[in-house]
Amino acid sequence: MYNAKAYSAASATSPLVSTTITRRDPTEHDVQIQILYCGICHSDLHTVRNEWSAFVPTVYPCVPGHEIVGRVTNIGSAVTKFKPGDIAAVGCMVDSDGTCPECLAGLEQFCANTTYTYNAPDKHLGGVTYGGYSDRIVVDQRFVLHVPANLNLAGAAPLLCAGITTYSPLHHWGVTKGKKVGVVGLGGLGHMGVKFAHALGAHVVVFTTSPHKKEDAFRLGADEVVISKNADEVQKHAGSFDFILDTVSDDHDINAHINLLRRDGNITLVGAPEKPLRVSAFGLITGRRSLSGSPIGGIAETQEMLDFCGQHNITADVEVIPIQKVNEAYGRLLRSDVKYRFSIDMASLKSE
Ligand SMILES: NC(=O)c1ccc[n+]([C@@H]2O[C@H](COP(=O)([O-])OP(=O)(O)OC[C@H]3O[C@@H](n4cnc5c(N)ncnc54)[C@H](OP(=O)(O)O)[C@@H]3O)[C@@H](O)[C@H]2O)c1
Ligand SMILES: [Zn+2]
Ligand SMILES: [Zn+2]
């Protein structure tokens, strides 16, 4: 075991502060990574503040972070996928049983025994896993990914959660050229959803509560932008969408969006608000529409997404910050004041 520097929260109401954590020495299948960048996902904030307590209570101290890009510093004797010096990435999962039907199908995100990157029981050290707001991490090679060499690393980090979480449902629901796709919420996930839907050739409509994001939405690949508060503007799209991706992190009226789906259209929730949403049965019944959810994506699909990003030169639009600004960044995230993902430059931990 060895010590690593990190930022952790001591309680749901505490700020993140500098700390030291323990990491395991690499076992034969492990890759040890020096973390270069870690994105800030809204899920980090939900977890730090214990907003998902009804589903998965937060264990403190909590070290969040699951959008990790770094450099391999050491490998176990059985590691074949990486060598020291390689660039490597880790997303929301660090382990799974590898034997259940979900794992065998490459859908580790549905495995009952998945170990999440933070706030999950740590099989090696006991306690809970600690995430990427840290200078080092050790992960089984099965859960470590390759980053295409042409991608900017600060912008690539958010692909590991915001990227795969939007890429996966777009594929699952058959978004291709000619489909009309809505993206609700232009934050970290939303802006990746727009980039992917545009790259897949869809007609993309962004629904935002922030009028000042309109120009950016067009630049990111939207064909149309609707300010969600303007009911008339929203209503013009009634019954027209093949697919809508809802990335909203807080309570909102989902029925307004369900009514925009065509017959048999689907709206998928990737946003995970603290409180349950109210759904009108009529919106679903009248158009035989469906409402789904989608969690991240499997490891093979995550690599496919990264390779797709390499081919299409897609990264997140990031604001790179030192870790000392993480609490301020959380405040800005809650005000929808980020363009469009914070990426922590982990070199800033050296001074702690
Ligand atoms: N399913 C999964 O596997 C998965 C993975 C990662 C994250 N998530 C969840 O996805 C959600 C979004 O994450 P994120 O990192 O993209 O967050 P984010 O950057 O904060 O973006 C959320 C966006 O939602 C919109 N919004 C916020 N509050 C709203 C409200 N009350 N009504 C309407 N719109 C509102 C804002 O967009 P506008 O300013 O454009 O309106 C905001 O930028 C979070 O709940 C997160 O936990 C789920
Ligand atoms: Zn995330
Ligand atoms: Zn499994």
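What you see is a predicted model; the values in this text were computed from it and never measured. First listed ligand is number 1; within each ligand, the first listed atom is number 1. Computation of the quantities below employed the complete heavy-atom set of this structure, encompassing side-chain atoms and omitting hydrogens, waters and symmetry-equivalent molecules.
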Query - Inter-residue atom distance Asp140.CG - His124.NE2, 0.5 Å rounding - result: 7.0 Å
Report task. Taking atom types as modelled, find out whether Glu319 and Tyr340 have a side-chain donor-acceptor pair closer than 3.5 angstrom. Result -> no
Query raised in the report: Val206 and Val234: same hydrophobic cluster, using ILVMFWY side-chain contacts below 4.5 Å?
Result: no
Requested in this report: Check whether the ring centres of Tyr330 and Phe342 lie less than 6.0 Å apart, and answer yes or no.
Outcome: no
Query raised in the report: What protein heavy atom sits nearest atom 21 (O) of ligand 1, and how far off is it?
Result: Gly187 CA, 3.4 Å
Report summary line: Note: ligand 1 atoms sitting under 4.0 Å from heavy atoms of Thr247 are 11 (C), 12 (C), 22 (C)
Query raised in the report: Which atoms form the tightest heavy-atom contact between Thr47 and Thr58, and what is the distance?
Result: O-OG1, 2.5 Å
Query raised in the report: Can you list the steps and then say if Asp44 with Tyr133 is a side-chain hydrogen bond (donor to acceptor under 3.5 Å, both in side chains)?
Result: CA-CA 10 Å; Asp44 302 348; Tyr133 295 10; 2.7 Å; yes
Query raised in the report: Without hydrogens or angle criteria, can the side chains of Asp253 and Asn255 be said to hold a donor-acceptor pair below 3.5 Å?
Result: yes
**Report entry** Metal-centred angle, the Zn ion (ligand 2) as apex - SG of Cys41, SG of Cys161, 10° resolution
**Finding:** 130°
**Report entry** Interatomic spacing from OG1 in Thr302 to OH in Tyr167 - rounded to 0.5 Å
**Finding:** 10.0 Å
Requested in this report: Measure the distances from the heavy atoms of Gln109 to every atom of ligand 1 and state whether one is below 4.0 angstrom.
Outcome: no
Query raised in the report: Is there any N or O on Ser43 that sits under 3.5 Å from an N or O of ligand 1?
Result: yes
Requested in this report: With heavy atoms only and a cut-off of under 4.0 Å, state how His46 meets ligand 1: side chain, backbone, both or neither.
Outcome: side chain
Query raised in the report: Would you say His66 has an N, O or S atom lying under 2.8 Å from the Zn ion (ligand 2)?
Result: yes
Query raised in the report: Under 4.0 Å from any heavy atom of Leu189, which atoms of ligand 1 are there?
Result: 6 (C), 7 (C), 8 (N), 10 (O), 13 (O), 14 (P), 15 (O), 16 (O)
Query - Plane angle bin for Phe243 and Trp173 - parallel if under 30°, tilted between 30 and 60°, otherwise perpendicular - result: parallel
Query raised in the report: For the ring pair Tyr130 and Tyr118, is the centre-to-centre distance below 6.0 Å?
Result: no
Requested in this report: Quick one: look up the protein heavy atom nearest atom 20 (O) of ligand 1 and list residue, atom name and how far away it is.
Outcome: His42 ND1, 2.7 Å
Report summary line: Per-atom filter on ligand 1: closer than 4.0 angstrom to a heavy atom of Thr165 are 1 (N), 2 (C), 3 (O), 4 (C), 5 (C)
Query raised in the report: How far is atom 15 (O) of ligand 1 from its nearest protein heavy atom, and which residue and atom name does that atom have?
Result: Arg341 NH1, 2.6 Å
Report task. May I ask you to check whether Gln109 and Tyr116 show a side-chain donor-acceptor distance below 3.5 Å? Result -> no
Query raised in the report: Going by the order shown, which atoms of ligand 1 are within less than 4.0 Å of some heavy atom of Cys161?
Result: 5 (C), 6 (C)
Query raised in the report: Short check: any N/O/S atom of Asp97 below 2.8 Å from the Zn ion (ligand 3)?
Result: yes
Query raised in the report: Does Leu186 reach ligand 1 with a nitrogen or oxygen that is under 3.5 Å from one of the ligand's nitrogen or oxygen atoms?
Result: yes
Report task. Considering only non-hydrogen protein atoms, determine which one is nearest to atom 39 (O) of ligand 1 and report residue, atom name and distance to 0.1 Å. Result -> Ser210 OG, 2.5 Å
Query - Which segment of Ser294 sits under 4.0 Å of ligand 1 when only heavy atoms are counted - result: backbone
Query raised in the report: Which ligand 1 atoms are under 4.0 Å away from a heavy-atom of Asp250?
Result: 28 (N), 31 (N)
Report summary line: If we number the atoms of ligand 1 from 1 as shown, the ones under 4.0 Å from a heavy atom of Val248 are 24 (O), 26 (N), 29 (C), 30 (C), 32 (N), 33 (C), 34 (N), 35 (C)
Query raised in the report: Heavy-atom contact under 4.0 Å between Ala272 and ligand 1?
Result: yes
Query raised in the report: Between the side chains of Thr114 and Glu108, is a donor N or O closer than 3.5 angstrom to an acceptor N or O?
Result: no
Requested in this report: Please work out which of Gly188, Gly271, Gly163 has its closest non-hydrogen atom nearest to atom 19 (O) of ligand 1.
Outcome: Gly188
Requested in this report: Number the atoms of ligand 1 from 1 as they appear, then name those within less than 4.0 Å of a heavy atom of Lys213, with their elements.
Outcome: 37 (O), 38 (P), 39 (O), 40 (O), 43 (O)
Report summary line: the protein heavy atom lying closest to atom 3 (O) of ligand 1 turns out to be Ile296 N, 2.9 Å
**Report entry** atom 36 (C) of ligand 1: the protein heavy-atom neighbour that sits closest, reported with distance to 0.1 Å
**Finding:** Ser336 OG, 3.4 Å
Report task. Just go through Pro273, Ser249, Gly193 and tell me whose heavy atom is the nearest to atom 22 (C) of ligand 1. Result -> Ser249
Report summary line: Here the pair of heavy atoms bringing Leu16 nearest to Cys62 is CD2-O, 4.2 Å
**Report entry** Verdict with supporting geometry, Glu224 and His203, side-chain hydrogen bond (donor to acceptor under 3.5 Å, both in side chains)
**Finding:** CA-CA 8 Å; Glu224 297 179 65; His203 181 89; 2.6 Å; yes
Report task. Indicate, as side chain, backbone, both or neither, the part of Trp52 found under 4.0 angstrom from ligand 1 when only non-hydrogen atoms are considered. Result -> side chain
**Report entry** Test side-chain hydrogen bond (donor to acceptor under 3.5 Å, both in side chains) applied to Asp25 and Thr27, step by step
**Finding:** CA-CA 6 Å; Asp25 293 317; Thr27 67; over 6 Å; no
Query raised in the report: Short N/O distance, under 3.5 Å, between Phe207 and ligand 1?
Result: no
Query raised in the report: When you measure from atom 25 (C) of ligand 1 to every protein heavy atom, which one gives the shortest distance, and what is it?
Result: Gly185 CA, 4.0 Å
Query raised in the report: Does the ring centre of His146 sit less than 6.0 Å away from the ring centre of Phe82?
Result: yes
Requested in this report: Output, in order, the C-alpha distance, side-chain angles, deciding distance and verdict of side-chain hydrogen bond (donor to acceptor under 3.5 Å, both in side chains) for Arg23 and Ser134.
Outcome: CA-CA 10 Å; Arg23 299 285 194 193; Ser134 172; 3.2 Å; yes
Report summary line: Closest heavy-atom approach to atom 9 (C) of ligand 1 among Val270, Ile254, Leu333 is made by Val270
Report task. With atom 30 (C) of ligand 1 as the reference point, say which of Asp251, Val206, Thr209 has the nearest heavy atom. Result -> Asp251
Requested in this report: Please confirm whether the backbone N or O of Gly85 pairs with a side-chain atom of Arg71, one donor and one acceptor, at under 3.5 Å?
Outcome: yes
Requested in this report: Please work out the angle at the Zn ion (ligand 3) defined by atom SG of Cys100 on one side and atom SG of Cys103 on the other, rounded to 10°.
Outcome: 120°
Query raised in the report: Counting each atom of ligand 1 from 1 as listed, which ones have a heavy atom of Thr208 under 4.0 Å away?
Result: 38 (P), 39 (O), 40 (O), 41 (O)
Query raised in the report: Judged by non-hydrogen atoms, does Val338 sit under 4.0 Å from ligand 1?
Result: no
